[in-house]
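Notes follow the structure.
Not measured: the values here are computed from a predicted model. Numbering of residues begins at 1 and proceeds along the displayed sequence. The figures here come from the full heavy-atom set of this structure, side chains too, leaving out hydrogens, waters and symmetry mates.
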Amino acid sequence: MSTLAITTTPDLFESIYADAHGVAARIPWADQHPHPALITWLNAVAPSLLRCGSRVCVVGCGLGDDAREITSRGYDVTAFDCSKTAVEWARSLDEGNPRNYFQADLFNAPPRWKHRFDLVVEINTIQSLSPDMHAPALKSISNLVSTHGHLLVICRGADDSGSIDDGPPWALSEQELLDAASAAGLVPTDSVTVFDDEETPPVRRMRALFKRA
């Protein structure tokens with residue numbers, strides 16, 4: 001593993017959350033609202049794919065913005081992050097559902113979570129890891145998906161696979177995402193959606209839904 005890859009460890013993320021001292025604006029990736037591409041997908045696709053009460057796992061939940069939105073729609077949510085401070089923070093922001101949040105390592109998730117979830121939501125976690133960790137991360141995420149479940153991925157997109165000098169974050173090319181998913185035993189349910197977001201300047205994003213091969 002490269003030197004820079006080693007820096008993207010649970011300790012690094014914990015230090016960022018701890019050093020913020022409860023001020024969300026100090027967290028570079030904390031938008032303080034659910035991801036717009038997730039909202040669009042929940043409105044358009046989720047109702048025909050998931051029944052009320054379906055088990056949903058949110059990977060790298062941070063302060064819980066996406067998890068709270070999914071919970072509000074009637075799904076049974078398990079959200080986790082490697083940072084203890086982030087998890088405690090998320091619980092404080094979701095006082096009605098503190099038991100939804102767990103501290104866990106993506107690469108060493110609790111055995112009871114294996115193949116447990118009807119939907120796994122991964123937003124911007126893979127891109128926070130160096131390129132050499134993208135495929136292993138997606139493999140670990142795939143282990144959470146139930147036999148007939150789905151994985152929703154939303155991440156930064158790029159024309160070509162990046163180098164270690166490009167991040168963080170490290171955007172993924174469409175082919176890199178598809179290859180990593182295939183290696184993890186997943187296939188796309190449709191074509192990958194590539195779009196520019198509403199940031200200034202706009203950032204290219206990808207959204208893709210996968211199921212077990």
Derivation of the side chain to side chain contact (heavy atoms under 4.5 Å, CB included) call for Val145 and His115: CA-CA 5 Å; Val145 182; His115 300 169; over 6 Å; no
ILVMFWY cluster, Leu177 and Leu209 together (side-chain gap under 4.5 Å): no
Check: Leu42 and Glu69 side chains under 4.5 Å, non-hydrogen atoms: yes
Minimal non-hydrogen separation, Leu129 against Trp170, with atom names: O-CE3, 3.1 Å
Verdict with reasoning, Phe102 to Trp113, per ring pair (Phe, Tyr, Trp, His ring centres under 6.0 Å): CA-CA 12 Å; Phe102 300 85; Trp113 291 356; 5.7 Å; yes
Minimum side-chain heavy-atom gap Met206-Thr193 below 4.5 Å: no
Nearest-0.5 Å distance, OG1 of residue Thr189 to NE2 of residue His150: 6.0 Å
For the student: nearest non-hydrogen atoms of Ser142 and Lys139, plus distance: OG-O, 2.6 Å
Stepwise side chain to side chain contact (heavy atoms under 4.5 Å, CB included) check, Val56 with Asp76: CA-CA 6 Å; Val56 179; Asp76 180 7; over 6 Å; no
Distance, nearest 0.5 Å, that separates CG of Leu138 from CG of Leu186: 6.0 Å
Shortest non-hydrogen contact between Tyr75 and Pro47, atoms and distance: OH-N, 4.4 Å
Residues Arg116, Asn143; criterion side chain to side chain donor-acceptor pair (under 3.5 Å); working and verdict: CA-CA 9 Å; Arg116 175 179 175 83; Asn143 289 334; over 6 Å; no
Stepwise side chain to side chain donor-acceptor pair (under 3.5 Å) test for Glu122 and Thr125: CA-CA 6 Å; Glu122 148 51 14; Thr125 303; 2.9 Å; yes
Hydrophobic cluster identity match, Ile70 and Leu144, side-chain contacts under 4.5 Å: no
Nearest-0.5 Å distance, CG of residue Asn97 to CZ of residue Arg68: 10.0 Å
Ser140 to Phe107 - nearest heavy-atom pair and separation: OG-CD2, 3.4 Å
Minimum side-chain heavy-atom gap Ile27-Gln32 below 4.5 Å: no
Verdict with supporting geometry, Tyr101 and Phe80, side chain to side chain contact (heavy atoms under 4.5 Å, CB included): CA-CA 6 Å; Tyr101 301 91; Phe80 74 92; over 6 Å; no
Side-chain heavy atoms of His35 within contact of Arg207, under 4.5 Å: no
N/O donor-acceptor pair under 3.5 Å between Asp197 side chain and Val203 backbone: yes
Any donor-acceptor N/O pair, Asp81 side chain to Gly62 backbone, under 3.5 Å: yes
Joint cluster assignment, Val194 & Leu151, ILVMFWY side-chain distance < 4.5 Å: yes
Donor-acceptor under 3.5 Å (Thr71 side chain, Ala67 main chain): yes
Salt-bridge criterion met for Asp159 and Arg204 (N-O under 4.0 Å): yes
Pairwise distance CD(Glu174) to SG(Cys155) - rounded to 0.5 angstrom: 10.0 Å
Connected via hydrophobic side-chain network under 4.5 Å: Ile123 and Trp41: yes
Smallest separation among heavy atoms of Asp132 and Ser130, with atom names: OD1-OG, 2.6 Å
Shortest non-hydrogen contact between Pro169 and Arg156, atoms and distance: CG-NE, 3.4 Å
Polar side-chain atom of Ser146 near backbone of Phe117 as donor-acceptor pair, under 3.5 Å: yes
Side-chain donor or acceptor of Asp66 paired with backbone N/O of Pro34 under 3.5 Å: no
Test item: Leu119 and Leu152 side chains (from C-beta on) under 4.5 Å apart, heavy atoms: yes
Validation row: Asp19, Arg26 side chains within 4.5 angstrom (heavy atoms): no
Reported CG-to-CH2 distance for the pair Asn124 and Trp29, which is rounded to 0.5 angstrom: 11.0 Å
pair Val58-Thr78: side-chain heavy atoms closer than 4.5 Å: no
Within one Ile-Leu-Val-Met-Phe-Trp-Tyr cluster: Val87 and Leu106, side-chain cutoff 4.5 Å: no
Rounded distance (nearest 0.5 Å) linking atom OG of Ser83 with atom CD of Gln103: 7.0 Å
Polar side-chain atom of Thr40 near backbone of Ala37 as donor-acceptor pair, under 3.5 Å: no
Heavy-atom side-chain contact between Ile141 and Val120 under 4.5 Å: yes
Worked check of side chain to side chain contact (heavy atoms under 4.5 Å, CB included) between Val153 and Leu172: CA-CA 11 Å; Val153 176; Leu172 287 78; over 6 Å; no
Within 6.0 angstrom of Glu198 CD, more than 12 heavy atoms from elsewhere: no
